[in-house]
Amino acid sequence: METQLFNTLTQKKETFFPQEGDKVRFYVCGPTVYDLIHIGNARVFVVFDSLRRFLEHRGWEVIMVQNFTDIDDKIIKRAEELGESPQELAERYIAEYWHDAENLKIRKATFHPRATEHIEDIIALIKILEEKGYTYEKEGDVLFDVSRFPSYGKLSRKNLDELVEGARVEARYEKKNPADFVLWKKAKPGEPSWESPWGEGRPGWHIECSAMSMKYLGPTLDIHAGGIDLIFPHHENEIAQSEAATGKPFARFFLHNGYVNIDQEKMSKSLGNIVTVRELTQKYEPSVLRLAIFSAHYRSPINLDENLLQSSRQFEERIKNFLRNIGFIEEKIKDNSALLKEDKEEYHKIDEFSRSFQEALADDFNTPQALGVLGEFLRFFNQYLSPRRGKWDLQVLEKIRDFLKMVEEILGILPGKEMEISDEAIKKLVEERERARRDKDWERADQLREEIKSRGYVVEDTPLGPRFFKMEEQ
RNA sequence: GGCGGCAUAGCCAAGUGGCUAAGGCAGAGGACUGCAAAUCCUUCAUCCUCGGUUCGAGUCCGAGUGCCGCCUCCA
């Protein structure tokens, strides 16, 4: 089965394959570290990390690069407000990023380059552009001259004339063309700066991604991804400066995910409706947040509200129960061959689910559809795992585990821990309750169930005997 | 003003010309249970409106309505 991905460049789904062998060169625009990441950031990182996992599952080796923008206007401004150095601020929020990313089960990329550690590469790239005549200077800034790059606008489907009309006039100086953007910014007194052929300054926002992606992945990326709002101007500018410098296509596939909305409106600083990952994960488990993110296709907007989160939490609860169900049966048949038999049909059924699941993801990473397959899988095998069934096939159980493992490896939505029975005191109470039940002393049995509950455990009766597990606090 | 996206059940959300319109959440009824819990079963939509293409359309085309976004920092 082929992997199809919607390419922003061509506005259609295309069959994906790497440009060279098994290596996928994958670049995702990372956070500007001036604050905690919000759930809009989270969506980008979760979705593309999972896409990477899927590509790896397909047998490709993915070299993933996600940058940290650790120097820019927002960082400088924020640092000033807080009375610390921009470096300290950036360092602090990079640490906070790691915290949130780990919490959300976002895997580390192969490389996480920082802008400030690649100033030389950035300068070298600007020099090339300068030599090729793509730049001009204005009051100490070095700008990219978009009029020299004829295909400017190909990603965002804009033409320069319209941009001229619509563009806002900048206060400091007049550009040759309003779409021209800064490659190297002259430092104001007191600002962090680096020496360069154009004087003390710092890189513009767009140039770092070009410089770093090319350094780690070469002139042409297989995939370049980010939020939909990066199409213009960020990715448009990256294309211009990169292709102007190398003469080669900057990226074969551009992937963009939709917004996270709050009350049907774009989450943004100006509307003051930012929700941080930190806030949300205090209330919801990471697997719940991931489930919610995957409940809509990555290119659609999503409203991550209480309603959706609650419904995702309920679904997750069902997944947890499934894990208890299989764990219980595994436990019961471990030393009891009387409970074994061969189940061919179920065995093969798992292959079908597995194929459907992967087909869904191979079709432009259709996670809602993949979750639909998971839902059907749960229903089918909950029937199979019913204690009333009486006999099971070890190989089927193993294969169910394999399926779950695959789902977890790609989507990372399974709850962290399964039921563990270690509390001897609880065990004793459960046994005592069983004796009461055998004596049909229902009052005593119910009393004991309450007692067990008050100690934080749930006990359930099945034809194979009672099972119990620790309740979750939420 | 220019450009783009979306409109499917109470809510969320797949589906891109053809068997009974996935799946999740919520609701109702039932099976199972000493009672529960879990689980399963049943039930719950003709797909914004109008017109067109077609043997056949949620799926294609046109018009309309509504919502959202980009054109400016932004994931």
Side-chain angles (χ1 to χ4, degrees), chain A residues 11 13 28-32 37-45 47-48 72-74 77 153 156-159 161-163 165-170 178-179 205 225-234 256-261 264-270 274 291-292 294-297 299-305 307-318 320-322 324-325 328 356 360 363 366-389 437 440-443 445-446 449 453 458-463 466-469:
Chain A
Q11 295 290 304
K13 282 186 203 171
V28 179
C29 286
T32 300
I37 60 166
H38 57 248
I39 55 181
N41 296 308
R43 187 180 192 193
V44 178
F45 305 141
V47 161
F48 293 118
D72 91 322
D73 290 348
K74 292 193 293 285
K77 185 167 169 250
S156 54
R157 276 140 217 283
K158 297 178 190 307
N159 65 58
D161 301 343
E162 284 167 1
L163 284 172
E165 269 175 51
R168 201 171 54 177
V169 180
E170 299 231 350
W205 174 38
I228 194 171
D229 49 345
L230 294 186
I231 293 175
F232 189 89
H234 188 53
H256 295 98
N257 67 277
Y259 284 122
V260 171
N261 290 162
Q264 316 298 340
E265 266 185 316
K266 178 184 170 179
M267 188 170 70
S268 73
K269 274 263 145 54
S270 51
I274 299 282
L291 274 171
F294 292 139
S295 77
H297 184 90
R299 284 192 283 117
S300 308
I302 192 172
N303 221 22
L304 277 176
D305 57 15
N307 205 357
L308 177 61
L309 259 358
Q310 279 297 346
S311 128
S312 300
R313 175 181 280 171
Q314 285 309 116
F315 186 49
E316 196 222 21
E317 193 56 42
R318 232 177 106 220
K320 281 181 183 165
N321 266 313
F322 185 87
R324 287 178 195 125
N325 292 344
F328 185 67
S356 304
D363 182 11
N366 193 332
T367 55
Q369 194 158 67
L371 290 182
V373 175
L374 178 61
E376 288 177 30
F377 175 89
L378 293 179
R379 175 150 39 82
F380 186 89
F381 282 103
N382 263 326
Q383 273 173 287
Y384 181 73
L385 294 169
S386 164
R388 251 183 305 164
R389 185 183 171 93
R437 290 184 71 234
K440 299 208 186 304
D441 184 352
W442 308 127
E443 203 179 317
D446 290 346
R449 183 161 56 200
K453 192 177 167 192
V458 177
V459 60
E460 300 174 350
D461 303 321
T462 85
R467 67 177 201 184
F468 59 97
F469 54 90

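The figures here come from the full heavy-atom set of this structure, side chains too, leaving out hydrogens, waters and symmetry mates. In what follows, chains are A, B, ... by sequence order, proteins preceding strands, each numbered from 1. Keep in mind the model is a prediction, meaning the values are calculated, not measured.
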Sticking with atom [atom1], work out how far [N] lies from [M], rounded to a whole angstrom.
N     : M     : atom1 : answer
B/A21 : B/U59 : C1'   : 11 Å
B/C44 : B/G18 : P     : 24 Å
B/C70 : B/G52 : C1'   : 32 Å
B/A75 : B/U43 : P     : 48 Å
B/U20 : B/C11 : P     : 26 Å
B/C48 : B/U8  : P     : 6 Å
B/C41 : B/C12 : P     : 26 Å
B/G4  : B/A22 : P     : 33 Å

Check: A/Lys266 side chain, B/C68 base, donor-acceptor under 3.5 Å: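 For A/Lys266, whose side chain was compared with the base of B/C68, there is no donor-acceptor pair (under 3.5 Å).
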
Any donor-acceptor N/O pair under 3.5 Å between B/G69 base and A/Asp229 side chain: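 Result: no qualifying N/O pair found.
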
Whole-Å distance separating the [atom1] atom of [X] from the [atom2] atom of [N]:
X        : N     : atom1 : atom2 : answer
A/Asn366 : B/G24 : CG    : P     : 16 Å
A/Phe294 : B/A14 : CZ    : P     : 14 Å
A/Phe315 : B/C25 : CZ    : P     : 7 Å
A/Leu230 : B/U72 : CG    : C1'   : 14 Å

A/Phe381 and A/Tyr384 aromatic ring geometry - parallel, tilted or perpendicular at 30°/60° bounds: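 Rings of A/Tyr384 and A/Phe381: perpendicular, over 60°.
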
Parallel, tilted or perpendicular, as decided by the 30° and 60° cut-offs, for the rings of A/His234 and A/Trp205: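 Ring orientation, 0 to 90° scale: parallel.
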
With both distances under 3.5 angstrom, what nucleotide forms a Watson-Crick or G-U wobble pair with [N]?
N     : answer
B/U65 : B/A7
B/C60 : B/G52
B/C44 : none
B/C32 : none
B/U20 : none

Base, sugar-phosphate, or nothing: which does [X] touch, judged by heavy atoms less than 4.0 Å apart?
X        : result
A/Lys13  : base
A/His234 : nothing
A/Gly227 : sugar-phosphate
A/Tyr259 : base
A/Lys74  : sugar-phosphate

Option from A/Phe469, A/Phe468, A/Phe328 for which side chain to side chain contact (heavy atoms under 4.5 Å, CB included) with A/Glu460 holds: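 For A/Glu460, the side chain to side chain contact (heavy atoms under 4.5 Å, CB included) test succeeds with only one of A/Phe469, A/Phe468, A/Phe328, which is A/Phe469.
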
Position toward the 5' end of RNA chain B (nearest nucleotide), A/Val373 or A/His297: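 Going by which nucleotide is closer to the 5' end, it is A/His297.
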
Nearest-nucleotide comparison on RNA chain B, the residue closer to the 5′ end among A/Arg449 and A/Arg299: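 Result: A/Arg299.
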
B/S/- contact track for nucleotides 37-46 of chain B, protein heavy atom under 4.0 Å: BSSSS-----

Detail all sub-3.5 Å separations between protein N/O atoms and N/O atoms belonging to nucleotides 5-12 of chain B.
unit_1, atom_1, unit_2, atom_2, d
B/C11, O2', A/Asn307, ND2, 2.9

